[in-house]
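To start, the structure itself, in structure tokens.
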Amino acid sequence: MCMLTREFYNRDTVTVARELLGKRLIRNVDGDRLVCRITETEAYVASIDKACHAYGYRRTPRTEIMFSRPGTAYIYLIYGMYCCLNLVTEPEGEPCAVLIRGLEPIEGLERMVHSRYGCAPDDMTAYQRRQLLNGPGKVCKALSLTREQNGLDLLGDKLYLTQGDTPENIKTGKRIGIDYAEEAADFPWRFYL
DNA sequence: CTTCAGATGCTCT
DNA sequence: GAGCATCTGAAGA
């Protein structure tokens, strides 16, 4: 399958967030190849979005990576113990990104389950199976992504995206966990299958 | 199924 | 010092 180009990311963030659904996310780590299908995303836009870490082009050590070129991974720590994976979008200097909120496993299930639950796939409960990749912190845990991977080039070999399927029934809604963001809390910038 | 508390540390004021 | 783009386990219905 063909790797997504930098031009794919170098576009309107909300459009990229919607089009990311159905794409494949590939993570190569310690000789293991993990492949997932993207099922849930959220767009964060610097210029008008109070929920965006770089709202108003606020430049701090944490947001610095968002100012770099499109097709870069932005990974930050949240609530002291979880990481969230974002894909930087729009031209360099526009600090926008798409949060990866949910995935479906395709390849490398054994390692992902071990990273999440410390057990083998056969030992998962039905509940655990449903909870494997349905949240941004879970995604990073399963894919062994931490702040050490912040700034990774998405056109490299450690973490990249490829074409996938073209999903039907794309749903849209308000983003999760940003009640503080005033009018931006109601922007319909969450996309899921 | 639901709610609820607690974990835990970085980030910015 | 306050708050955070979250998750889990326990308890109740």
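The figures that follow rest on heavy atoms only: side chains count, while hydrogens, waters and symmetry mates do not. Just so it is clear: chains get the letters A, B, ... in the order the sequence lines come, proteins before strands, and each one is counted from 1.
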Can you give each donor-acceptor pair under 3.5 Å made by side-chain atoms of residues 185-193 of chain A, sequence neighbours left out, with the distance rounded to 0.1 Å?
| unit_1 | atom_1 | unit_2 | atom_2 | d |
| --- | --- | --- | --- | --- |
| A/D186 | OD1 | A/K174 | NZ | 3.0 |
| A/R190 | NE | A/E40 | OE2 | 2.8 |
| A/R190 | NH2 | A/E40 | OE2 | 3.0 |

Kindly state each residue pair satisfying ring pair (Phe, Tyr, Trp, His ring centres under 6.0 Å) with at least one member in residues 96-129 of chain A, sequence neighbours excluded.
none

Sequence-distant partners of A/D157, side-chain contact (heavy atoms from CB on, under 4.5 Å), two or more places apart:
none

Could you tell me how far apart A/I75 (CD1) and C/dT6 (C1') are, to the nearest whole angstrom?
16 Å

Residue pairs passing the side chain to side chain donor-acceptor pair (under 3.5 Å) test where at least one lies in residues 70-79 of chain A, sequence neighbours excluded:
A/H53-A/Y74

Give me the other members of the hydrophobic cluster that A/L77 sits in, counting Ile, Leu, Val, Met, Phe, Trp and Tyr linked by side-chain heavy atoms under 4.5 Å, directly or via other members.
none

Wobble G-U and Watson-Crick pairs count when both distances are under 3.5 Å; given that, what is the 5' to 3' dot-bracket string of DNA chain C, with | for pairing to other strands?
||||.|||||||.

Among Ile, Leu, Val, Met, Phe, Trp and Tyr joined by side-chain contacts under 4.5 Å, find the other residues sharing a cluster with A/M1 and list them by chain and number.
none

A/E64: what forms a side chain to side chain donor-acceptor pair (under 3.5 Å) with it, not counting sequence neighbours?
A/R59

Of the residues in residues 13-25 of chain A, which ones touch DNA chain C at a heavy-atom distance under 4.0 Å?
none

Heavy atom of residues 169-193 of chain A under 4.0 Å from DNA chain B: which residues?
none

Hey, what are the protein-to-nucleotides 9-13 of chain B N/O distances that come in under 3.5 Å?
| unit_1 | atom_1 | unit_2 | atom_2 | d |
| --- | --- | --- | --- | --- |
| B/dG9 | O4' | A/G80 | O | 3.3 |
| B/dG9 | N2 | A/G80 | N | 3.4 |
| B/dC12 | OP1 | A/T60 | OG1 | 2.0 |

Every protein N/O lying under 3.5 Å from an N/O of nucleotides 7-13 of chain C:
| unit_1 | atom_1 | unit_2 | atom_2 | d |
| --- | --- | --- | --- | --- |
| C/dC7 | OP1 | A/G135 | O | 3.4 |
| C/dC7 | OP1 | A/P136 | N | 3.2 |
| C/dC7 | OP1 | A/G137 | N | 2.7 |
| C/dC7 | OP1 | A/K138 | N | 3.0 |
| C/dC7 | O4' | A/Y82 | OH | 3.3 |
| C/dT8 | OP1 | A/R116 | NH1 | 2.5 |
| C/dT8 | OP1 | A/R116 | NH2 | 3.2 |

